[in-house]
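Reminder, nothing fancy here: chain letters follow the sequence lines and each chain counts from 1.
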Amino acid sequence: MTVRTRFAPSPTGFLHIGGARTALYCWLEARRRGGEFLLRIEDTDRERSTDEAVQAILDAMAWLDLSADEAPVYQTQRLARYREVAERLLAEGKAYYAYESKEEIDAMREAAMARGEKPRYNGFYRDRNEPYREDPNRVIRFRNPLEGSVVFEDKVKGRVEWANAELDDLVIFRSDGWPTYNFAVVVDDIDMGITEVIRGDDHVNNTPRQINIYHALGAPVPEFAHLPMILDKEGKKLSKRTNSVSVMEYREEGYLPHAILNYLVRLGWSHGDQEIFSREEMVRLFDVADVNKAASRFDTEKLNWLNQHYLKTDDPAVLAPEFAWHLARAGIDATHGPQPADVIVALRDRVHTLNEMAERAKIWYGPIEAWDDKAVAKHLKNDSAAAVLEAAKGLLVAVEWKPEPIHGVIEQVAAKLELGMGKIAQPLRVAITGTQVSPSIDHTIYLCGRDEALKRFDHALVLARG
RNA sequence: GCUCCCAUCGUCUAGCGGUCUAGGACACCGCCCUCUCAAGGCGGGAACACGAGUUCGAACCUCGUUGGGAGCGCCA
């Protein structure tokens, strides 16, 4: 049988970083085993689901390049099917109508808690065989087995056993006429031919209930793999207050999609000592069965390292479009000025993210915004600065405009004036950038462009002599 | 409260009864390189939560303790 996995987010917000990892693992598992990866939008909560959220999730998936093999399935479009299945369960006596009000249910729960028990439905309508009737409180409940236990072999957690006595008769159809999560999921997973249910840890508790529904429906039970949670740096649940949780926020912060994927694949899974995984390697080596049981913390420092790793090793031409996106966001008009790919080469050893890179690139796309007074005082207003600037200007006018020849010019100036590189590079750097920190001086000058560089030297000469 | 789950350096992890004076990576510290900042190279500190038991032998198996987490909805 073909392996089929699915990622099933509910569109109540953006694609969460934890959701992204779940999607990645589902995608990888399907790919490795030559199967299919599907997407299902769980939008039955009409109060909280929005079209914007659906689009945001789709966009994030596309940006991460985790494409589904079939068009997404929307639960809201499958209502008739859920009804049909629920009717069948009703007809077979595997489900029944119940008419308690929400207040009654709440009271039931509180009473159980008071008795030190789990808050559960007491099964009042279980054996009453109440017929269908118009009632605002009408729900359909699943007749869960009373005895025995549900056992399943979770691919990451191992054997899980659950006493049916712990489970109550869950609502499968709400009074508003929509199916509940636990029911819709099972119907969908059966209809979609899902063979591997890979999802977050928070669903383990639902699994026994769902397995009972599979049994009631006479459908084969898929394999389950419950992924541990991703916690924040403090070991707390990831929250918007303290972390970026949306994948697209990470994009805005300048992270590369494959850096995020590489970070995520190693969070809870490993392959010996390997840290860097290409897509092909992930597909070949990943196996959900090797995923760790314990929750892990999200460490931005390591993500930073990975992001810079890819910044340094990827082809600048391939990185250029994503970088251009950041330049535009930073309000930079890149139609004039240096090629983004050249800027990447100059800055990639110095930053961890693309937006940091865009910020530093400003110096070559527009005028110097702020002069560092200390830099000017130290490197421009001294005995040799003016001479250095003059000499450099003289040679730069005619040199071939590439980093290497420019580097040659600087060496010539040093030789001619009998000065060390420090005495040459720093005044030039301040002249071009207004600060004493920048990439190597040849690149710094090169990226500025000949005309602009000469203009900045002239201005610096004024400062040096003033 | 009840049910279930988890536990190796600060963090991500390797380890699947002897090869562990516990390996790698991020972060941190030091040195080197150096036109600044980085990057890079070399080196360093840093962990088996605790207690019993099983065994000739335990990070690995069992039980308990402690500490964390999840769930207990007409939310997903």
Side-chain angles (χ1 to χ4, degrees), chain A residues 8-12 42-45 47-49 75 98 100-102 105-106 109 112-121 137-141 154 157-158 160-163 165-168 170-182 184-185 200-208 226 228-229 231 233 235-237 263 266-276 292-306 308 312 347-352 360 375 379 407 410 414 420-430 433 435-442 444:
Chain A
S10 59
T12 55
E42 311 219 321
D43 51 358
T44 52
D45 183 348
E47 300 273 300
R48 300 194 300 150
S49 300
Q75 292 190 323
E100 282 96 350
S101 67
K102 288 179 187 174
I105 297 293
D106 286 344
R109 250 188 278 285
M113 285 280 255
R115 268 180 271 125
E117 290 169 12
K118 255 171 117 160
R120 303 187 315 169
Y121 177 61
N137 291 327
R138 187 194 62 250
V139 298
I140 299 175
R141 285 188 182 267
D154 191 282
K157 299 202 161 304
V160 177
E161 180 166 2
W162 219 281
E166 291 295 329
L167 274 20
D168 62 358
L170 72 155
V171 170
I172 58 175
F173 248 85
R174 306 194 295 236
S175 55
D176 67 0
W178 284 87
T180 58
Y181 167 76
N182 280 114
V185 161
D201 221 346
D202 44 341
H203 290 290
V204 233
N205 304 275
N206 291 323
T207 307
H226 288 96
M229 306 209 68
L231 274 18
K233 206 172 174 54
K236 300 289 176 199
K237 202 169 173 174
Y263 178 71
R266 278 285 288 104
L267 203 57
W269 173 83
S270 62
H271 181 260
D273 290 339
Q274 191 169 346
E275 296 288 350
I276 305 298
N292 288 153
K293 296 177 180 184
S296 41
R297 303 183 189 202
F298 194 91
D299 181 14
T300 309
E301 297 291 349
K302 188 159 182 181
L303 208 212
N304 283 340
W305 171 73
L306 271 167
Q308 186 180 39
K312 287 187 299 188
L347 287 172
R348 62 185 174 183
D349 285 341
R350 297 169 170 77
V351 300
H352 291 109
R360 295 215 197 177
H379 299 295
H407 186 78
I410 292 160
M421 280 301 275
K423 283 282 179 191
I424 305 295
Q426 284 307 74
L428 298 180
R429 187 167 348 253
V430 176
T433 70
T435 73
Q436 40 192 339
V437 177
S438 85
S440 63
I441 193 60
D442 45 9
T444 299

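- Counting heavy atoms from C-beta outward, A:Lys118 and A:Asp168 have side chains that stay 4.5 Å or more apart.
- Rounded to a whole Å, the CG atom of A:Leu303 is 12 Å from the P atom of B:A27.
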- Note on the structure: 5' to 3', nucleotides 71-76 of chain B under a 4.0 Å protein heavy-atom cut-off (B base, S sugar-phosphate only, - none) gives BBSBBB
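- With both ends at atom P, the span from B:C5 to B:C9 equals 23 Å, rounded to whole Å.
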Atom pairs, N/O to N/O, protein against nucleotides 59-61 of chain B, distance under 3.5 Å?
none

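- Per the geometry, NZ belonging to A:Lys293 stands 16 Å off C1' belonging to B:G68, to the nearest Å.
- Note on A:Arg297: only backbone sugar-phosphate atoms sit closer than 4.0 angstrom, heavy atoms only; bases stay farther off.
- Taking atom C1' in both B:C50 and B:C31, the straight-line distance is 40 Å, to the nearest Å.
- Rounded to whole Å, the separation between the P atoms of B:G15 and B:C72 comes to 34 Å.
- With both ends at atom P, the span from B:U13 to B:G18 equals 23 Å, rounded to whole Å.
- B:G64 and B:C42 have their C1' atoms separated by 47 Å, with the value rounded to a whole Å.
- Taken from OH in A:Tyr121 to CG in A:Leu170, the straight-line distance is 12.0 Å, to the nearest 0.5 Å.
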Taking N or O atoms only and anything under 3.5 Å, show me the protein contacts with nucleotides 39-41 of chain B, one pair per line.
unit_1	atom_1	unit_2	atom_2	d
B:A39	O4'	A:Asp349	O	3.2
B:A39	O3'	A:Lys312	NZ	2.7
B:G40	OP1	A:Lys312	NZ	2.7

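- Neither side chain, A:Asn182 nor A:Thr180, offers a donor N or O lying under 3.5 Å from an acceptor on the other.
- With sequence neighbours left out, A:Ser175 forms a side chain to side chain donor-acceptor pair (under 3.5 Å) with no residue at all.
- The NZ atom of A:Lys312 lies 14.0 Å from the CG atom of A:Leu347; values are rounded to the nearest 0.5 Å.
- For the side-chain contact (heavy atoms from CB on, under 4.5 Å) test, residues two or more places apart in sequence or in another chain that qualify with A:Pro11 are A:Ile41, A:Asp43, A:Ser49, A:Ala53, A:Val54, A:Ile57.
- For A:Asn304 and B:U11, the CG to C1' distance is 13 Å, given to the nearest whole Å.
- With sequence neighbours excluded, the residues forming a ring pair (Phe, Tyr, Trp, His ring centres under 6.0 Å) with A:Tyr181 are A:His203, listed by chain and number.
- Applying the side chain to side chain donor-acceptor pair (under 3.5 Å) rule to A:Ser10 yields no partners; only residues at least two apart in sequence or on another chain are considered.
- Qualifying ring pair (Phe, Tyr, Trp, His ring centres under 6.0 Å) partners for A:His352, counting only residues two or more places apart in sequence or in other chains: none.
- Expressed to the nearest 0.5 Å, how far CD of A:Gln274 lies from CZ of A:Arg266 amounts to 9.0 Å.
- In terms of position along RNA chain B, the nucleotide closest to A:Glu117 lies nearer the 5' end than the nucleotide closest to the other residue of the pair A:Ser296 and A:Glu117.
- Atom pair A:His379:NE2 and B:U36:P shows a separation of 10 Å (rounding to whole Å applied).
- Residue A:Gly268 is in sugar-phosphate contact alone, with no base atom involved, counting any heavy-atom pair closer than 4.0 Å across all strands shown.
- Rounded to whole Å, atom C1' of B:C12 lies 13 Å from atom CD1 of A:Ile276.
- A:Lys157 has a carboxylate O that lies under 4.0 Å from a charged side-chain N of A:Asp201, or vice versa, which qualifies the two as a salt bridge.
- The interatomic distance linking A:Ile410 (CD1) with B:U36 (C1') rounds to 13 Å, in whole Å.
- One can place CD of A:Glu161 at 10 Å from P of B:C4, the figure rounded to the nearest angstrom.
- Taking A:Glu301 as the reference, A:Asp299, A:Asn304 meet the side-chain contact (heavy atoms from CB on, under 4.5 Å) condition, with sequence neighbours excluded.
- Look at B:U34: it lacks any Watson-Crick or wobble partner with both distances under 3.5 angstrom.
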- Message: Assess the residue pair A:Leu267 and A:Lys302 against the criterion (side chain to side chain contact (heavy atoms under 4.5 Å, CB included)); give the C-alpha distance rounded to whole Å, side-chain angles, the decisive distance to 0.1 Å, and a yes or no.
- Response: CA-CA 11 Å; A:Leu267 203 57; A:Lys302 188 159 182 181; over 6 Å; no
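- The base-pairing partner of B:A14, taking Watson-Crick or G-U wobble contacts with both distances under 3.5 Å, does not exist among the strands shown.
- Going from the C1' atom of B:U66 to that of B:C56 covers 31 Å, rounded to whole Å.
- A:Glu275 comes within 4.0 angstrom of a nucleotide base, judged by non-hydrogen atoms across all strands.
- For A:Glu161, the side chain to side chain donor-acceptor pair (under 3.5 Å) partners at least two apart in sequence or on another chain are A:Ser149, A:Arg159.
- Rounded to a whole angstrom, the distance from the P atom of B:A47 to that of B:U55 is 31 Å.
- Distance, A:Leu306 CG to B:U11 P: 18 Å, rounded to whole Å.
- Across all strands shown, nothing is found opposite B:C75 as a Watson-Crick or G-U wobble partner with both distances under 3.5 Å.
- For the OP1/OP2 pair of B:U11 and a distance below 4.0 Å, the side-chain nitrogens and oxygens of A:Lys302 include no atom meeting the criterion.
- Using a 3.5 Å distance cut-off with no hydrogens or angles, the side chains of A:Ser438 and A:Thr433 do not pair a donor with an acceptor.
- The shortest distance between the side-chain N/O atoms of A:Ser270 and the OP1/OP2 oxygens of B:A14 is below 4.0 Å.
- A:Ser101 pairs by the side chain to side chain donor-acceptor pair (under 3.5 Å) definition with A:Glu103, A:Glu104, not counting sequence neighbours.
- At the heavy-atom level, A:Trp178 lies nowhere under 4.0 Å from the strands shown.
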So which protein nitrogen or oxygen atoms get under 3.5 Å of nucleotides 20-23 of chain B's nitrogens or oxygens?
unit_1	atom_1	unit_2	atom_2	d
B:G23	N2	A:Asp273	OD1	3.2

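- Here A:Gln436 lies in heavy-atom contact (under 4.0 Å) with a base.
- Nucleotides B:A76 and B:C16 place their C1' atoms 36 Å apart, quoted to the nearest Å.
- Taking only distance into account, the side chain of A:Gln274 never meets the base of B:G24 through a donor-acceptor pair shorter than 3.5 Å.
- Contacts of A:Ile441 with the nucleic acid, taken as non-hydrogen atoms under 4.0 Å apart, include base atoms.
- Taking the side chain as every heavy atom from C-beta outward, A:Met421 and A:Ile410 approach each other to under 4.5 Å.
- Pairing partner, B:U3: B:A70, with both Watson-Crick or wobble hydrogen-bond distances short of 3.5 Å.
- Under the Watson-Crick or G-U wobble criterion, with both distances below 3.5 Å, B:A47 has no partner in any strand shown.
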